Amino acid sequence: MADMTANRESVTVTTYRESVAEGIAREMRRDPTVVCLGEDIGAAEGVFKTTVGLFKEFGPRRVWDTPISEQAIVGAAMGAAMTGLRPVAEIMFSDFLACCWDYLANEIPKVRYMTGGQLSVPLVVRTANGGGLGFGAQHSQAVENWAFTVPGLKVVAPSTPADVVGLMASAIRSDDPVVFFEHKGLFASKGPAAPPDHVVPLGEAAVVRSGTDVTLVALASTVPVALAAAEALAAEGVSVEVIDLRCLVPLDMRTVLESVQRTSRLVIVEENPYQGGWGGTVASIVADEGFELLDAPIRRVAAACVPLPFADALEDQVIPTVSTVTEAVRRLAAY
Amino acid sequence: MTDLIDLYERMAIIRRTEKAAQDLFLAGLIKGTTHLAAGHEAVAVGANDALRADDYVFATYRGHHHAIARGATPEECLAELMSKATGICKAKGGSMHLTKADANMLGSYAIVGSHLPMAVGAAWSATLRGTDQVAVAFFGDGATNIGAFHEALNLAAVWRLPVLFVCENNLYMEYTPIGSVTAVANPAADRAPAYGLPAEVIDGNDVLVVRDAVARAAQRARDGGGPTVLEARTYRHYGHSRTDPAKYRPEDEVRQWLERDPLTLARAKLLEQGVPEEEIAERDAHAERVVAAAVDAAKSAPDADPREAFTDVWADGSATWRT
């Protein structure tokens, strides 16, 4: 009977959006030094409703509404992190990271190193990333590659509700700074809720579908796209393995290389632009360390190198879709 | 409260350390750049004497004086500048990033204005942890025209945090007179009223004036009175950086400020108090000996270990970013 109860609990379904608040709340309950700050996160419970319940449960002393001051938000989080707190700062849209980029590029990732290890900044910067909702060029970008260019930042981008909770736990408990990309297009998506005490270590990719012909490497929003493409291709007799990287730093290349060893073919699916996208690094490592494993060129399906357009019909041209990914895999399988 | 003669000695040690840094730079033993704080000693020494050991201090790339005032030794600072293994930051920081975290001197930051929000965050942290610590951000006049200054003042005011914003106004934003690029006469103090904050323009070359002003502001902050802006008027003895001869400064202005050198002012006050000249001379000689020994020790220290390039990126000490 106990097992059946456990099974029933494990299939409880929740949303990605609710899992963000749940993941933060779990850490705030277990560690009184975890505090939140950001625009509209408190009484208003977040513009994306990703902080619902936090203000009510933890009060204004641990959930702070800030002015629209991205530099002050992230700079203050850094100062608090150096002095005994574990701040979780929200930058409402990832596009706005550009407004406080100094802290993410020059300050937070450098301060431990440039002080010879004297200082530590255990903080999380959470942000709503990516397109698909028709917000236009300044509210739709997938900018995980911005963070990926900076040595000293850990970069997390979950694709499922349970991973949101499990990776949030690791991010907040980490003594390193973490940029946590929540995908706007996934907020309404549903999946099994995280079990109690769920922790997903940083830097462990997940093989979310096994296959033998082609490896698809995906992240956040491109994971459901890759899974849908894999399903369509299965009907054509192409067996696709899908890897959800879950983190860009640490980057789990071992899982990618092991998969390529089985399939000999690799397609990388990114929402950030092809130009400077993270897939370029994944491809270069596979080319460098796994060249003999490959039977075909590495393909990258990434966003086009244009600003994100507003209309759905235009946006669909720019961001990878199930049909563009399916076509890329189909062609590579026939190579 | 420390006797003026002891404050004088601390300032003398900083002055000689800066002179040594300049000499070592010109001799090719320090690479990169330096931004020397000779002339600014009274701000660091006066403020430090008004603060507690558990208060937080954030400084800029012109920050040698704050590191030493807070307890860093001239030897570990000069060793850092000289790329030695014994440097205060293991030779990974250099002149612009001197840090003494175990004395709550939480870094020297070289992106102008960036550390003001950090000081706000440290003050926020103190409040949340229920301590009565204060946080102090020292910054130059040039920082008052950057966004982070204004965001920090507003947030600190709105949250009524125990933070002191101390501007070292040395009249020049790098090579440009601050007055020619700023809409108000007192670049820090005149902005404070816009954020509902109290402000004071003080003589930054008089160590006792600085100490008194910082002590008042710190007490107000500890009592829940919120932030204060202090604008300490002072002057650089060297140029902006490296070998800048600062030819853009009028000779009259330089002469007038050198007459008001913080060491000269402190010496005059000591003599007024009846301290014998010989005692002051002995303090000068002591500072001379301390810094000469520091130079010798730094010179003979081992060079930075190349393996250190790959430590201290992550909390586990490693630089590993992938499997």
Side-chain angles (χ1 to χ4, degrees), chain A residues 32-33 35 37 61-62 64 66-85 87 99-100 102-103 105-107 109-120 122-123 151-152 154 174-176 203-205 248-257 281 285, chain B residues 56 58 80 87-94 96-102 104 106-111 113-129 133 135 146-148 150-156 158-159 161 308 311-317 319-323:
Chain A
T33 69
V35 292
L37 72 167
R61 278 186 63 80
R62 292 180 69 192
W64 289 63
T66 66
I68 301 175
S69 296
E70 280 81 11
Q71 295 187 68
I73 292 168
V74 180
M78 181 179 176
M82 280 189 233
T83 54
L85 298 185
C99 302
C100 51
D102 174 42
Y103 292 94
N106 296 321
E107 316 291 346
K110 308 285 196 285
V111 75
R112 178 195 301 282
Y113 188 84
M114 73 188 192
T115 63
Q118 294 184 62
L119 292 170
S120 195
L123 59 79
K154 295 205 162 156
S174 170
D175 287 333
D176 294 313
E204 285 188 12
L248 292 179
V249 180
L251 183 62
D252 186 2
M253 285 307 299
R254 186 183 299 139
T255 296
V256 174
L257 287 161
T281 298
I285 293 171
Chain B
Y56 300 116
F58 295 82
E80 181 70 22
I88 194 165
C89 301
K90 302 186 199 166
K92 289 171 164 178
M96 294 198 278
H97 302 301
L98 297 186
T99 299
K100 185 77 174 168
D102 57 13
N104 286 326
L106 298 184
S108 303
Y109 296 87
I111 307 293
S114 65
H115 59 303
L116 276 74
M118 296 177 209
V120 172
W124 178 49
S125 157
T127 305
L128 285 173
R129 288 181 286 106
Q133 294 162 287
I146 206 159
H150 296 273
E151 291 194 13
L153 262 62
N154 181 62
L155 191 64
V158 169
W159 290 358
L161 295 172
E308 282 289 347
T311 65
D312 297 325
V313 176
W314 307 117
D316 67 4
T320 306
W321 65 279
R322 51 160 290 207
T323 60

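Each chain gets a letter, A, B and so on, in the order its sequence line appears, and its residues count up from 1. Heavy atoms only: backbone and side chains are in, while hydrogens, waters and symmetry mates are out. Because the structure is predicted, anything quoted here is derived from the model rather than measured.
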Between [X] and [Y] (side chain of the first, backbone of the second, donor and acceptor by atom type, cut-off under 3.5 Å), is there such a pair?
X	Y	answer
A:Q71	B:G147	no
A:T83	B:S125	no
A:Q118	B:I88	yes
A:D176	B:A315	yes
A:Y103	B:S114	yes

| Minimum-distance pair of heavy atoms, taken over all atoms of B:M118 and A:E107 | CE-OE1, 3.5 Å

| query | Where on A:T115 is there a heavy atom nearer than 4.5 Å to chain B: the side chain, the backbone, both, or neither? | reply | both

| task | Please flag which part of A:E70 lies under 4.5 Å from any non-hydrogen atom of chain B: side chain, backbone, both or neither. | result | backbone

Would you be so kind as to tabulate the donor-acceptor pairs closer than 3.5 Å made by side chains of residues 248-257 of chain A, with sequence neighbours excluded?
{"from": "A:D252", "atom 1": "OD1", "to": "A:R254", "atom 2": "N", "distance (Å)": "3.4"}
{"from": "A:D252", "atom 1": "OD1", "to": "A:T255", "atom 2": "N", "distance (Å)": "3.2"}
{"from": "A:D252", "atom 1": "OD1", "to": "A:T255", "atom 2": "OG1", "distance (Å)": "3.3"}
{"from": "A:D252", "atom 1": "OD1", "to": "B:T323", "atom 2": "OG1", "distance (Å)": "3.0"}
{"from": "A:D252", "atom 1": "OD2", "to": "A:A205", "atom 2": "N", "distance (Å)": "2.9"}
{"from": "A:D252", "atom 1": "OD2", "to": "A:T255", "atom 2": "OG1", "distance (Å)": "2.7"}

Portion of [X] that has a non-hydrogen atom of chain A nearer than 4.5 angstrom:
X	result
B:Q133	neither
B:A119	neither
B:L161	neither
B:T320	neither
B:N104	neither

Do [X] and [Y] have side chains that get closer than 4.5 Å, going by heavy atoms?
X	Y	value
A:L37	B:W159	yes
B:L155	A:W64	no
A:K110	B:Y109	no

| note | Residues at least two apart in sequence or cross-chain that pass salt bridge (charged side-chain N to carboxylate O under 4.0 Å, His left out) with B:R129, listed by chain then number, are none

